[in-house]
Amino acid sequence: MLEKTYQPSKIEDRIYGEWERAGAFEVGRSGRNGAEPYCIVIPPPNVTGSLHMGHALNNTLQDVLCRFERMRGKDVLWQPGTDHAGIATQMVVERQLMERQEPDRRTLGREEFIRRVWTWKEESGGTITRQLKRLGASCDWRRERFTMDDGLSRAVIKVFVALHKEGLIYRDKRLVNWDPKLLTAISDLEVQQVETKGSLWYLKYPLEEVPGEFIVVATARPETMLGDVAVAVHPKNGRWKHLIGKHAILPLVGRRIPIIADEYADPEKGSGAVKITPGHDFNDYEVWLRHEDAELKGVQPISIFTPEAKLKSSTFDDYAWGHRGTDPRHPDVTMADEDLVGEETFELIPEELRGLDRFVGRKKIVEMLESKGLIEKLEPTVHTVPHGDRSGVVVEPYLTDQWYVDAKTMAQKPLKAVRGGRTKFVPKNWEKTYFEWLENIKPWCISRQLWWGHQIPAWYGPDGKIFVEQSEAEAYEAARRHYISTGFISENDYEDLKRQPAFADWLKRDEDVLDTWFSSALWPFSTLGWPDATPELKRFYPTSTLVTGFDIIFFWVARMMMMGMHFMKEVPFRNVYIHALVRDEKGAKMSKSKGNVIDPLSIIDDLGADALRFTLAVMAAQGRDIKLSERAVLGYRAFATKLWNAVRLAEIYQCNVPEEFEPRHVGDALNRSIIAKTAKAASKLTKALEEFRFNDAADTIYRLTWDEYCDWYLEFAKAKLTSSNNQIRRETQSTVAWVRDQILKLLHPFMPFVTEELWRTTSKTRIAEAELLTLAKWPSLRHLEGRSEKQTIEFAYQIVRETRSVRVNFGMPANERIVIAPTKLPMANTKILAANTEAIERLSNSQIERGRRQRSNKATGLFVYRVSIPGVAGAELKIVMPRSFDPVEQQRRLRDEIKKIDSEIFRLNEKVSNPDFIRNAPSEVVEEQRARLKEEKTRRAKLRAALASLRRAPNVVRSRSKLRPRKGRGKVKARTSRRHKPTRRKRKLRAASNRKLRGALRLGRAASKIRRRKI
RNA sequence: GGGCGGUUAGCUCAGCUGGUAGAGCGUCUCGUUUACACCGAGAAGGUCGGCGGUUCGAGCCCGUCACCGCCCACCA
């Protein structure tokens, strides 16, 4: 026996355990050998991560797809794993060292530090995996991978070496975005532009050729002026063009720099002349390149800042003015890269500026210029300043050697693949974003000055020559061959060297590691076993669908396309489903600092994983962000409870599906109808999922369960479940159970836990079906969708709806039984009516009168309200009003309704009498409109008749509405004026007093009648 | 500057190929020996952002304007 309410926390862990024990999520389960493969690779969460709402959404959608396809009989592989997340993980472990007051990273040394990270990973790295299980994720956990595990590392090295040999990976000295806090290069994508208030300084540079005159340059970064190599002005326009070819003297240092012509200088902006600082600005670097062989021949970019060692106790910014050796304030700390500023550059920097933090230096240099009268003016501006997305500090363009991927070349095939439809984005408009980015892609900087990650397989020889090989041994071998063949070393000398300890340092491995996204880019094939030709690789690549957020289309999706096309010669996935962001209920991004984060785990604890999953799925309409509130989840927990209770009802009435039950042969109209509706819902849901319309799919099963099954079907079925007619009772019991089972299956991808639990507890009576719902077959019910709707139970439902509506609209109390009489029914409907009389009467609290007895109603002369029964031509429902309704109110109501119908009829008339409409519209639309017109006219006639008879009706008491304050109105006011909702107890009291009031009114009515008679 | 998306009931949002504007929540009224009060019934509530166009017919297609959001680029 099921408990009265569903408590998710009681069952979820147990159910997940059962799935795992049964190996339900394992790929290639027995009996699936002939099955079509279906594969999703999980977007690997950071190993440091814990489940946030974005993960919850992302993985819910993947799980819905996987469970759906698994039930459809496909051989499903949901490939799980985590990402080593270079910077994030390194930061976490460094923080931990600090908290435990252990030696910092540099003190520990690289090897020991990495050992610590691995320890951390073993201890804490499983968090996200456990949390995904709590969400219900049906991954094949046996196959879990990690971007730093041996296999994936091997794939990374192999890819790097191969691309290097093809010239698609190379080392280059150029400007990169340098993160001064993390002390590493980062890629363009890791830079966030932040709007910042700043100033624009107008600096006066003296002209060499015209003493006493100046050229004015505008800059937001005056401190970089020490690195200026030129001043650029527009070649044709502006106030400075006459100075082209002349020279300026760089203030403070007295260096002579040329004034050059370049279109980059916009005469409209700033002063019209721009300082060129190729060592510290991407645009200036481009200008330098353009003039490298002309006016700037022999001039090199100057880097005037040095990254310095990250100091634990540092109170100043980590990026400072050029200096060497030691920091004056920290004489004991040796700089990591003391040679990054060359001797000459060092000499270029005035002594008082050396060693200053860059922002302190800015102030200082402005003061120095100001004191010399070289600042013309200062303008406040707002400009966007690049920040490191991880560190949050202002990044610095920095000229240094890094490794790059030739992304431009690699982008070509991915572009073609999507243009040719081999990979499709859903929704499609993201393709445009993808195209734009790939078409304008720049070299991808892949080296990072970190320790945690895949160390670059490049070794430097004694003369700086680079050997990129898969292993140290191979690098040494390559070096041996190279140096011997070039005569750098003789064979004998090499053999000697080999025996010496110095040999270990003969080649030096590159210290840097690869961008985390480099290994993620291989994910769709590396996790399947590449570079080995595994059966899984053959079977599941290309994968079916990738489910991810739009924020990583560039970071991840595009790069997987590049690597996939290059190494597998095929797209990594057929579909890319891009889902939205989960925001808070006000639409703000969830963030810890804002404190508006909804933690999926606490939601799961309180309301259940199913409720959360269903909420996310039903809200996942394409192209819109999800605004999530706890209230919404609450609503879908109620849905789980509703389902629970429906199954309980089936249990109470001993419903089960006997072996011989065949839904096609069901005879009763009520039962036939719910079977057809279930079948239609199944098709609709299936189609929606095939098209990634998760919200439509979820909505469909919600409607079927709650509206059709619970609110209508089960309510009608109750009468039959206790019927003394054995045949009808058994058929209904079977149908109740059969539909229940279809619902459990259809809902299972969305709400796996509660449906599994219900399946288990009700499956004792089921035959030839899977023990576990998760392994059951997806319903395929096309043949049960049925033919016409005309003779279904729907009209019986309509009778109930109309009667209920009339009851409330005419102000009758719910507990007063009224008399209704459906008339002019076709034979089929008459039968259905007869078969469902009990249910109709119970649900509308009415008594159905038919045939002879109807005429006796006429004899009473009571007011009879007539309405058409929608869907059954000509049929109408007479509702005999009791003596307890308010006629004045109802006359008003009827007149209002007639007015509405009048305008509707007018509109339809216009339409139908318009020859253009008749000519152009499809005939079925014309017919439809005509039918509607007719229907509306009939309705109006009935209402008019009702109005007329209302005036004559003997059960009308005119004085009543005067006696009684207009029902409800006064109370409405009182209620809405309250600050808060009355408590349940108060509401009960109020209901009781309302009943009393009604009692009093009835008395009043009787009294008034007597009075009238007297008159 | 380039691109994408949004504007529909009090709130949050659906609305597929143009053909009677929907849901959930909230509000109001009524109803509990009933599978479920995490419930049931009914009701109120909308010039579908503005203007123009195409069409027999526009929430949907086209143009335009306004406001909101996001992405990319740039900003001396």
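These numbers come from a predicted model, not from an experiment. A note on names: the letters A, B, ... follow the listed sequences, proteins ahead of strands, and every chain is numbered from 1.
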Which whole-number value in Å describes the distance from [X] [atom1] to [N] [atom2]?
X        : N      : atom1 : atom2 : answer
A:Glu190 : B:rC72 : CD    : P     : 13 Å
A:Met619 : B:rA23 : CE    : P     : 17 Å
A:Trp706 : B:rC39 : CH2   : P     : 5 Å
A:His383 : B:rG1  : NE2   : P     : 19 Å
A:Glu195 : B:rC71 : CD    : C1'   : 14 Å
A:Lys642 : B:rC25 : NZ    : P     : 12 Å
A:Asn177 : B:rA73 : CG    : C1'   : 14 Å
A:Tyr636 : B:rA23 : OH    : C1'   : 8 Å

- Message: Test salt bridge (charged side-chain N to carboxylate O under 4.0 Å, His left out) on A:Arg930 and A:Glu928; report intermediate values, then the result.
- Response: CA-CA 5 Å; A:Arg930 281 188 177 136; A:Glu928 206 183 307; over 6 Å; no
- Query: Which residues satisfy the side-chain hydrogen bond (donor to acceptor under 3.5 Å, both in side chains) test with A:Arg637, sequence neighbours excluded?
  - Reply: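 With neighbours one apart ignored, the set is empty.
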Quantified in whole Å, what is the [atom1] atom distance between nucleotide [N] and nucleotide [M]?
N      : M      : atom1 : result
B:rC60 : B:rA44 : P     : 27 Å
B:rC38 : B:rG24 : C1'   : 15 Å
B:rG63 : B:rC56 : C1'   : 22 Å
B:rG45 : B:rA23 : P     : 14 Å
B:rG1  : B:rC16 : P     : 33 Å
B:rC36 : B:rU32 : C1'   : 11 Å
B:rU12 : B:rU7  : C1'   : 14 Å
B:rA14 : B:rA9  : C1'   : 13 Å

- Query: Is the side chain of A:Arg940 donor-acceptor paired with the backbone N or O of A:Glu935 at a distance under 3.5 Å, no angle test?
  - Reply: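 Not confirmed, A:Arg940 side chain does not pair with A:Glu935 backbone.
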- Do A:Trp444 side-chain atoms and A:Asp188 backbone N/O form a donor-acceptor pair below 3.5 Å?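 No.
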- Query: How would you list, by chain and number, every residue that makes a ring-ring contact (aromatic ring centres under 6.0 Å, His included) with A:Trp201, sequence neighbours excluded?
  - Reply: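 Counting only residues at least two positions away or on another chain, A:Trp201 forms no ring-ring contact (aromatic ring centres under 6.0 Å, His included).
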- Output all residues satisfying ring-ring contact (aromatic ring centres under 6.0 Å, His included) with A:Tyr202, sequence neighbours left out; order by chain, then residue number.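 Applying ring-ring contact (aromatic ring centres under 6.0 Å, His included) to A:Tyr202 gives none.
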- Item | Matching residue for A:Phe425 among A:Trp430, A:Tyr434, A:Phe692 - test: ring pair (Phe, Tyr, Trp, His ring centres under 6.0 Å) |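 One option only clears the test, and that one is A:Tyr434.
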- Message: Please find the pair of heavy atoms, one from A:Val754 and one from A:Leu643, that lie closest to each other, and give the distance.
- Response: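 Looks like CG1-CD2, 4.3 Å.
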Measure from the side-chain heavy atoms of [X] and tell me the nearest of [options].
X        : options                : value
A:Tyr702 : B:rG24, B:rC74, B:rC36 : B:rG24
A:Lys627 : B:rU12, B:rC71, B:rU20 : B:rU12
A:Asp696 : B:rU20, B:rA14, B:rC39 : B:rA14
A:Glu715 : B:rG3, B:rG26, B:rA35  : B:rA35
A:Arg703 : B:rG19, B:rG24, B:rA35 : B:rG24
A:Thr641 : B:rG3, B:rC74, B:rC38  : B:rC38

- Of A:Tyr6 and A:Val800, whose closest RNA chain B nucleotide lies nearer the 5' terminus?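 On the 5' side of the pair lies A:Tyr6.
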- Find which nucleotide of RNA chain B each of A:Asp266 and A:Gln192 is nearest to by heavy atoms, and output the residue with the more 5' nucleotide.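 The 5'-side residue here is A:Gln192.
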- Message: Looking at A:Gln654, I want to see if its CD is surrounded by more than 12 non-hydrogen atoms of other residues, nucleotides or ligands under 6.0 Å.
- Response: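 Atom CD in A:Gln654 is not packed in, count stays at 12 or less.
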Hey, does [X] reach any base, or is it just sugar-phosphate, or nothing, if we go heavy atoms under 4.0 Å?
X        : result
A:Asp699 : nothing
A:Glu904 : nothing
A:Arg804 : sugar-phosphate
A:Arg807 : nothing
A:Ala646 : base
A:Arg637 : base
A:Ala273 : base
A:Ala265 : base
A:Val925 : base
A:Val808 : sugar-phosphate

- Message: Is it the case that the base of B:rA73 and the side chain of A:Glu436 share a donor-acceptor contact (distance under 3.5 Å, atom types as modelled)?
- Response: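 Result: no qualifying N/O pair found.
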- Please state whether the phosphate of B:rA43, meaning OP1 or OP2, lies under 4.0 angstrom from any side-chain nitrogen or oxygen of A:Ser805.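 Yes, within the criterion.
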- Item | Protein-to-nucleotide contact annotation, 5' to 3' order, nucleotides 55-61 of chain B [B base; S sugar-phosphate only; - none; under 4.0 Å, heavy atom] | -B-----
- Message: Applying salt bridge (charged side-chain N to carboxylate O under 4.0 Å, His left out), can you list everything that pairs with A:Glu439, at least two apart in sequence or on another chain?
- Response: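 Expected list: A:Arg419.
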- Message: Determine whether A:Arg807 and A:Glu816 satisfy the following criterion, salt bridge (charged side-chain N to carboxylate O under 4.0 Å, His left out), listing intermediate values before the conclusion.
- Response: CA-CA 9 Å; A:Arg807 176 190 296 281; A:Glu816 185 163 347; over 6 Å; no
- Given that both pair distances must be under 3.5 Å and the pair must be Watson-Crick or G-U, what runs of three or more consecutive pairs involve RNA chain B?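 As far as RNA chain B goes, consecutive pairing (with distances under 3.5 Å) yields the stems B:1-7 with B:66-72, B:10-13 with B:22-25, B:27-31 with B:39-43, B:49-53 with B:61-65.
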- Would you check if there is a donor-acceptor pair between the side chains of A:Glu190 and A:Ser187 at a distance under 3.5 Å?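 Yes - a donor-acceptor pair under 3.5 Å links their side chains.
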- Query: Would you say the side-chain atoms of A:Asn845 and A:Asn815 include a donor-acceptor pair closer than 3.5 Å?
  - Reply: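 No, no side-chain donor-acceptor pair sits under 3.5 Å.
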